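Here the structure is laid out as structure tokens; the discussion comes afterwards.
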4 protein chains.
Amino acid sequence: MTKRGDETRARLIAATKDVVREVGYAHATTKAIAGAAGVAEGTIYRHFPDKVALFFSAALSGSQALIEELATLPELAGSATVDENLEHALARLLVLRQDLLPLELALNSDPEIARRRQAMDAPDIVPGLPSPPEAISRYLDAEASLGRVRADVDSRQVSLLLLSALFGLMLAPGTDPSSPHPASAQIGPLVHLVLDGIRGSGSSRA
Amino acid sequence: MTKRGDETRARLIAATKDVVREVGYAHATTKAIAGAAGVAEGTIYRHFPDKVALFFSAALSGSQALIEELATLPELAGSATVDENLEHALARLLVLRQDLLPLELALNSDPEIARRRQAMDAPDIVPGLPSPPEAISRYLDAEASLGRVRADVDSRQVSLLLLSALFGLMLAPGTDPSSPHPASAQIGPLVHLVLDGIRGSGSSRA
Amino acid sequence: MTKRGDETRARLIAATKDVVREVGYAHATTKAIAGAAGVAEGTIYRHFPDKVALFFSAALSGSQALIEELATLPELAGSATVDENLEHALARLLVLRQDLLPLELALNSDPEIARRRQAMDAPDIVPGLPSPPEAISRYLDAEASLGRVRADVDSRQVSLLLLSALFGLMLAPGTDPSSPHPASAQIGPLVHLVLDGIRGSGSSRA
Amino acid sequence: MTKRGDETRARLIAATKDVVREVGYAHATTKAIAGAAGVAEGTIYRHFPDKVALFFSAALSGSQALIEELATLPELAGSATVDENLEHALARLLVLRQDLLPLELALNSDPEIARRRQAMDAPDIVPGLPSPPEAISRYLDAEASLGRVRADVDSRQVSLLLLSALFGLMLAPGTDPSSPHPASAQIGPLVHLVLDGIRGSGSSRA
DNA sequence: GATGAATGAGAATTCATTCAT
DNA sequence: AATGAATGAATTCTCATTCAT
């Protein structure tokens, strides 16, 4: 409510992301988070009902930045090249998602937490803005109407493919989640592949 | 060493995968695992130096099945269609990876554990057999020499794209890790997309 | 001192009794009490040095009402019947004591608090008025001089018996402290018993 | 199960009664109890699901001794005098109940715990033995048939009166629950009063 | 080999109290 | 006077690990 309170809350959310990134979800204790935020442990509970709620808030705040970033993508249709636009969007996504990855992972892989997340309304949607898959899908539709992308492909499928691959790349074995640019070098080839396909002349779909 | 000992060890590994799948990594306690295996808690420490070693063993045993399964893929080059072969291989991969997903996730997202994994030699390689990316890459090379796949694409890149996308799909938000077939329906479209590409006539690479 | 301050103080005392009755002493936190009183938590400490002092004040305020109520009992000697007078007095006592029972219990059963209570001067005495045991004792003496009660019994003992039994009844297992009239039905028989005794013809005191 | 385990469990129950008596329910922490029992804090949770269950067990074990003690009372009908028999029984009750009083109080005055107690089946009944009120009631009936007690009084009412008064006496303000014999001196007069009554010649029931 | 009781170092959470506004 | 954010010590409970049997 007060200015000081809001500041503390923001510091706690930032500290949560930092600590989870540095030591992993399992070792992101309330003590460590409070320490990183420069407040007492008990202060956490003035701002969040419990630890999981703090993690949800942290994940949500990360998602929002990400969603806002992607919302402008459809407007780029027709400018530069399709490759460049997608590459750039995915690269931004990679950076933004980087520091909330462990959080998303934990939030999705712990059944108890997943259950609770569903109990909350609309987990990570910013009102009025399209979700990441939706934003990319709209961009592709716009390019399709310009003829820069084939009109007979399902833009939702492509969007899902790109995002899944990006997500998968971030988790590739050997990747250190705390290093600055883990698999960003893979984004270019990935985009080109999806644009051009690999089918040879001797092959045809069943 | 003895028959009884080996049986116990196997039961512990199976129990580990079961428990992690059911309650998530965070709640997969030694007590729960021992209970699921039908042994006393202390027995775990007769077979594994500590809990993390048990988890490594469980992950490794899952990977082995997976690697053995994929090893035969290159031999299928030329038979059926490329789409069918890849679809089938990815579908098998999906099933096999399903139940060790939370384990891999935890093992990759906990910095302390990741460090320790690197300290071990060759984490998940079966001697003599290619790793999954390598197996798919070899299959694609074989198909390229038959003309069923373009020869000018980097087969390693394609392999990485397919596996990353598959991995990403398994984690798509809303996916329940314990349900039988989460996103297997996405595999077909994914393969077709990668084979055909999406580039329209009005676009060309920069 | 000011009107507003006195009001707040009174509301805090009332809220304390309410909260203790509803959730029990152990869960009567300063937060809950402040909330029930409609003030901020910190306000408590403007009116009371600490939580225990607030509880003492609440208990004392309850005792005062009780003592004032009983003070008129001796004047009833000779009117109505002894049974009726005692029954009525005990019934009133039951009602008044009902909502400060948990408080008294906690205040008496916690050694640390009991010690502190003794350190305070004259815990629950209203200047000029007799304590409850004293009031009943005086009433009985008055009735004895009228011949309605035997003159050879120690009125203090009888008073103690009646009050102890009443207190004990209020705590009988299965009694829900928040229900309106727990064991008020037992008061009549109790009084008659004490008046008439139970000794048969074949028995005599040693 | 094992001998050592049973011993530990018994020590924990004894320690619980000791600690509660010494420092009061509110300060009977798991740490203090474990310390008094000479075990680690975690050991408590091998024997009891939680702290409340430990308290229930402690209260129950006390009740059992008490119930067994009183079960033989009816057999004393006709021997000695009624005064002596009742006095002695109440004195024993006083001693036995002394050390589980704070426990019973807390267990009865905390709504949350009371609720949970009802969820358990038959809180403090020893199979085959009469409850304390029942035992006294039976004794009185036996004396009534011998003519040593009036046959027209409700023995259950008398039993309730005696026990309530005893319970009330134990809690009399100023009584220190840790001192050896708090109000045992009151038992004799109490019994005589109940036997003889106080009604004078000039009074009669309405 | 197997058992399971015991350990003890934390973990999350609560709560009376303080203090800047 | 009142507020309510912040504190931090204390509390209950968990859990990987050890060890006597």
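Quick note: numbers below take in every heavy atom, side chains included, and nothing from hydrogens, waters or symmetry partners. All of these numbers come straight from a predicted model, not from anything done at the bench. Naming: A, B, ... by sequence-line order, numbering from 1 per chain.
The distance from the OG1 atom of B:T30 to the CD1 atom of B:I44 is 5.0 Å, given to the nearest 0.5 Å. Rounded to the nearest 0.5 Å, atoms CD1 (B:I33) and CZ (B:R11) are 14.0 Å apart.
Put simply, the side chain of A:S57 gets close to the backbone of A:A53: a donor and an acceptor are under 3.5 Å apart. Between the C:K31 side chain and the C:A40 main chain, no donor and acceptor come within less than 3.5 Å of each other.
Residues from residues 34-49 of chain A that place a heavy atom under 4.0 Å from any atom of DNA chain E, listed by number: A:E41, A:G42, A:Y45.
For the P atoms, the distance linking E:dG1 with F:dT21 amounts to 23 Å, nearest Å.
Residue C:T30 is in base contact, counting any heavy-atom pair closer than 4.0 Å across all strands shown.
One side chain, A:K17 or A:S61, offers a donor N or O that lies under 3.5 Å from an acceptor on the other.
Taking 4.0 Å as the cut-off between side-chain N and carboxylate O, B:R116 and B:D50 count as a salt-bridged pair. Between A:D18 and A:R21, at least one side-chain N (NZ, or NE/NH1/NH2) sits under 4.0 Å from a carboxylate O, which counts as a salt bridge.
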Item to complete: Fill in the dot-bracket string of DNA chain E, one character per base: . for unpaired, | for a pair to another strand, ( ) or [ ] for pairs within the strand, taking Watson-Crick or G-U pairs under 3.5 Å.
Response: .||||||||||||||||||||

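Of the candidates F:dA2, E:dT13, E:dA16, F:dA2 carries the atom nearest the C:T8 side chain, counting heavy atoms from C-beta on.
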